[in-house]
Amino acid sequence: MSETEDFPTQANVVIIGGGIVGCSTAYHLAALGCSDVVLLEKHRLTSGSTFHAAGLVGQLRGNANITQLLGYSVDLYRRLEQETGLATGWKMNGGLRLACNPERWIEVKRQATTAHSFGLDMHLLTPREAQELWPVMTIDDLVGAAFLPTDGQANPSDITQSLASGARRGGVMIREETEVTGFDIDGDAIRGVHTTRGTIRCARLVICAGQWSRRLGQLAGVGIPLVSVQHQYLITEKIPGVASNLPTLRDPDRLTYFKEDTGGLVMGGYEPNPIPWAEDGIPEGFQFTLLDNDWDHFEPLMEQAIARVPALNEAGIRQMINGPESFTPDGNFILGAAPERDNVFVGAGFNAFGIASGGGAGMALAEWVHNGVPPFDLWPVDIRRFGKPHADVDWVRGRTLEAYARHYTMAWPHEENRSCRPCRRSPLYDRLWEQGACFGEKLGWERPNWFAADPASARDDYSFGRQNWFGAVGEEHRAARERVALFDQTSFAKYRVSGADAARALSWICANRVDGAVGTVKYTQMLNPRGGIECDLTVTRTAAEEFYLVTGTGFATHDLDWIRRNIPADCDARIDDVTSAWAVLSLMGPRSRELLQSLVREDLSPRAFGFGQMREVRLAGASLRALRVSYVGELGWELHVPVEFALAVYDALMLAGLEFGIANAGYRAIESLRLEKAYRAWGADIGPDYNPLEAGLGWAVDLASGKPFIGRDAILLQQQAPLGKMLTGFTIDDPDIVLLGRETIYRDGERVGWLSSAGWGYTAETNIGLGYVRNPGGVDEDYLRAGSYELEVAAERVPCALQLEPVYDPKMQKMKC
Ligand SMILES: Cc1cc2nc3c(=O)[nH]c(=O)nc-3n(C[C@H](O)[C@H](O)[C@H](O)COP(=O)(O)OP(=O)(O)OC[C@H]3O[C@@H](n4cnc5c(N)ncnc54)[C@H](O)[C@@H]3O)c2cc1C
């Protein structure tokens, strides 16, 4: 590293931000042997949000890998002091979570099962047992509690200093009082970082600037959708009975949390009416600064807390803290390689659990920066999960405030967001709304989840049992299986890949053979070099030098980024997002051919229009693309219609469809239909941690032709070795049991995995779950058949049946007729 007056002019990696996340990233880059790393902090280390954090360190999240990341934090904080000589204040006193009503108790029991699925030893306690661990609380209203012994608490500033010390020892140069003011941008890359002390040329940039990250992202041309929200807690004087080993406590029905602090308590919470901060930008000089206390806002939480801990009535208040923190629209943090730039990484938006996640997030981000790939799939926090609406800060703020307010409210199954809606609408939106559509939302898109007989009752009533839409979705499901159903799937992400070398480029990126004749539709995965599934989509050849790609709504940014980064440099090929140009009406069911044929002149007979084909057909004045594919396992067509014709095509289909018993159907029916067919969902059943052989998708990988593609070598290698895990189906016929996903799988009494997705199959009349069975010694069909299985559902084990084939039409006779 070259330096002028102790200030570098060049670096391999520049990290912006000396909070826990920047310091953890620096520490882990050093540990990886990455040299020439500079961390820049505009004031002093910890002077952002880190210095005023309460320091609770919980681990359990709804995703196994994010839970693993937080578990890594715990391991790190435990050993850091020994390594660096600087204390971290780490105390593994466990974490308690209370349930005060029967529904919350089900939620807590389901969380305990999720914990078991992910290898955490969470116990369920009676109210009295919980009180033994937490003597200063009342338990009159308690139904039960869950206890995770490995949770704990730490001192945020001390951990950060300890990480910084470890980073310095590993060769990282940390420069405080150095503000980043701008960037040199060259094409898609950042080449230089301007600071108040000079410019540093760099190969890679990492933005870990907490709530300042959005502004820095703007300067770098990167969208970082986070906003600042006020968060308050108080610290009491000593309270009799509060021992230093008191576990942390979360009391979600009272929206509050507690932790021990020098014999007193820290008490904070999540108000239902959060207050945003710095809407017009963070004021200059806001370092080591707190906001004015807002007692009026805090009082309702205080009342709740006193009801739980009456001693708070008498306890003196040592300090009240009101600190701003960055929050995001879905309550998860933001990590990874920014899609807009070739060499910019982000670790920000920690939603008041940056201390709990800092260790693991820094580890993962460092690996991402150093190796170009994360250590494992981090989709729930991946920066590419965002999309178009997230470019509007007001939209982001609205959604973020909702996420904050819902931090401790019941996380109902199938719960939808309410804020900032409707945003993106299909041309059919009004028509479907008039017919009773109950919409859900994904990436801003309104999508019909189900249809109520009476539009006035088109709303979800949430519960942990069968919800109010259960019967209506059954009707939609049966329409698709027995007659014909129409699904509005306009929100699909769609791309055009074109150019003289488009076929060669896609051939390299796709695992299946996609360069067939014009008019061929291919289902394919795109693999990473480890053979993991990065994308799962259909590729249609529309012309010699043009392809049409269709993927899931939520993967729009991710898949575009994956393809763009992997088009070989020597290929004349480009990718364009054409999502807004096409509406998608999926016509599915045994009578779909008769219906469609009654409206179009083109021959739809099996011989003329086989499965896996695309033809242009004319209908209601529109020239549309009809793709013969199906995610529901029936004869059917995805009709891709230029948006201005969508309504006319819809009306024509619905009118002609009367004779065939057509019905509108929504996404909840799709879920049930695809589970019966054991079709995989990316982000749940498949993703970068799973290869196609483990996922049972080896048939979609073209090894036979010998064509080269990303991940081929890994798949060849995998073929030589036993599979460590295999995606497997399970069923439980009892309709009173509700499977939601994350239920633990036991084989012969041993924990072997968890359900990656689950739901009710209306034709098979059974609960269906998909999940990986893991065994270090290898898994094959014989091994699977030799076991007997149970699923843990809400902390109770229930016998289940193994399903090695789809429960519906395993021979694919319906779809390919
Ligand atoms: C009241 C409160 C209580 C909390 N309690 C907990 C808890 O119990 N458990 C938990 O896990 N989390 C908690 N948190 C959250 C936690 O504090 C944060 O998630 C965490 O500190 C975020 O760390 P960070 O490194 O991302 O950001 P920060 O700590 O804000 O660090 C970002 C740094 O970037 C620097 N910077 C910004 N712009 C520039 C620039 N242009 N040039 C150079 N440097 C720049 C800033 O000065 C700052 O130091 C709490 C937060 C609050 C507000």
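FYI, the numbering just counts along the sequence from 1. Order of listing sets the numbers, starting from 1, for every ligand and every atom in it.
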Give the atom numbers and elements of ligand 1 that come within less than 4.0 Å of a heavy atom of [X].
X      : answer
Gly17  : 33 (C), 34 (O), 35 (C)
Glu179 : 41 (N), 42 (N)
Gln287 : 47 (O)
Phe350 : 19 (O), 26 (O)

Please check if the number of heavy atoms outside Gln82 that lie under 6.0 Å from its CD is greater than 12.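 Check fails, neighbour count at 12 or below.
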
Evaluating non-hydrogen atoms only, which member of [options] is closest to [atom]?
atom                    : options                       : result
atom 17 (O) of ligand 1 : Ala53, Cys23, Ser24           : Ala53
atom 45 (C) of ligand 1 : Lys42, Gln232, His52          : Lys42
atom 24 (P) of ligand 1 : Leu219, Ile355, Val21, Thr248 : Val21
atom 27 (O) of ligand 1 : Ala348, Gly48, Ala356, Gly210 : Gly210
atom 5 (N) of ligand 1  : Gly323, Ala209, Ser326, Ala54 : Ala54

So which bit of [X] gets within less than 4.0 Å of ligand 1, heavy atoms only: side chain, backbone, both or neither?
X      : answer
His43  : neither
Tyr233 : side chain
Lys259 : neither
Leu56  : both
Cys208 : backbone

Distance to 0.1 Å, residue and atom name: give those for the protein heavy atom nearest to [atom].
atom                    : answer
atom 7 (C) of ligand 1  : Gly55 N, 3.4 Å
atom 21 (O) of ligand 1 : Thr50 OG1, 2.9 Å
atom 47 (O) of ligand 1 : Glu41 OE2, 2.7 Å
atom 38 (N) of ligand 1 : Trp212 CB, 3.5 Å
atom 12 (N) of ligand 1 : Ala352 O, 3.1 Å
atom 19 (O) of ligand 1 : Glu325 OE2, 2.5 Å
atom 2 (C) of ligand 1  : His231 CD2, 3.5 Å
atom 31 (O) of ligand 1 : Gly19 CA, 3.4 Å

Could you tell me whether some N/O pair between [X] and ligand 1 is separated by less than 3.5 angstrom?
X      : value
Tyr257 : no
Thr46  : no
Ser49  : yes
Gly354 : yes
Val180 : yes
Gln211 : no

Would you find a donor on one side and an acceptor on the other, under 3.5 Å apart, between the side chain of [X] and the backbone of [Y]?
X      : Y      : result
Asn93  : Leu246 : yes
Glu325 : Ala352 : yes
Asp158 : Gly89  : no
Ser162 : Leu86  : yes
Thr138 : Ala307 : yes
Glu402 : Ser419 : yes
Gln59  : Val74  : no
Asp377 : Trp379 : yes
Glu176 : Leu45  : yes

Indicate the atoms forming the closest heavy-atom contact of Leu234 with Phe298, along with that distance.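 Minimum heavy-atom separation between Leu234 and Phe298: CD2-CE2, 3.5 Å.
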
For Gln211 versus Ser49, what's the shortest heavy-atom pair and its separation?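 Answer, listing the atom of Gln211 first, then Ser49: NE2-OG, 4.1 Å.
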
Can Asp6 and Arg175 be counted as an ion pair, charged N to O under 4.0 angstrom?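 Yes, Asp6 and Arg175 are salt-bridged.
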
Is it true that Arg110 and Glu107 make a salt bridge, defined as a side-chain N closer than 4.0 Å to a carboxylate O?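 Between Glu107 and Arg110 there is no salt bridge, as every charged N stays at least 4.0 Å from the carboxylate O atoms.
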
Walk me through whether His52 and Phe288 qualify under ring-ring contact (aromatic ring centres under 6.0 Å, His included). CA-CA 8 Å; His52 54 61; Phe288 282 132; 9.7 Å; no

Within-shell test, Thr178 vs ligand 1, heavy atom, strictly < 4.0 Å: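 Flag set, Thr178 near ligand 1.
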
Using the six-membered ring wherever Trp is involved, compare the ring planes of Tyr408 and Tyr257 and label them parallel, tilted or perpendicular (cut-offs 30° and 60°).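 It falls in the perpendicular class, over 60°.
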
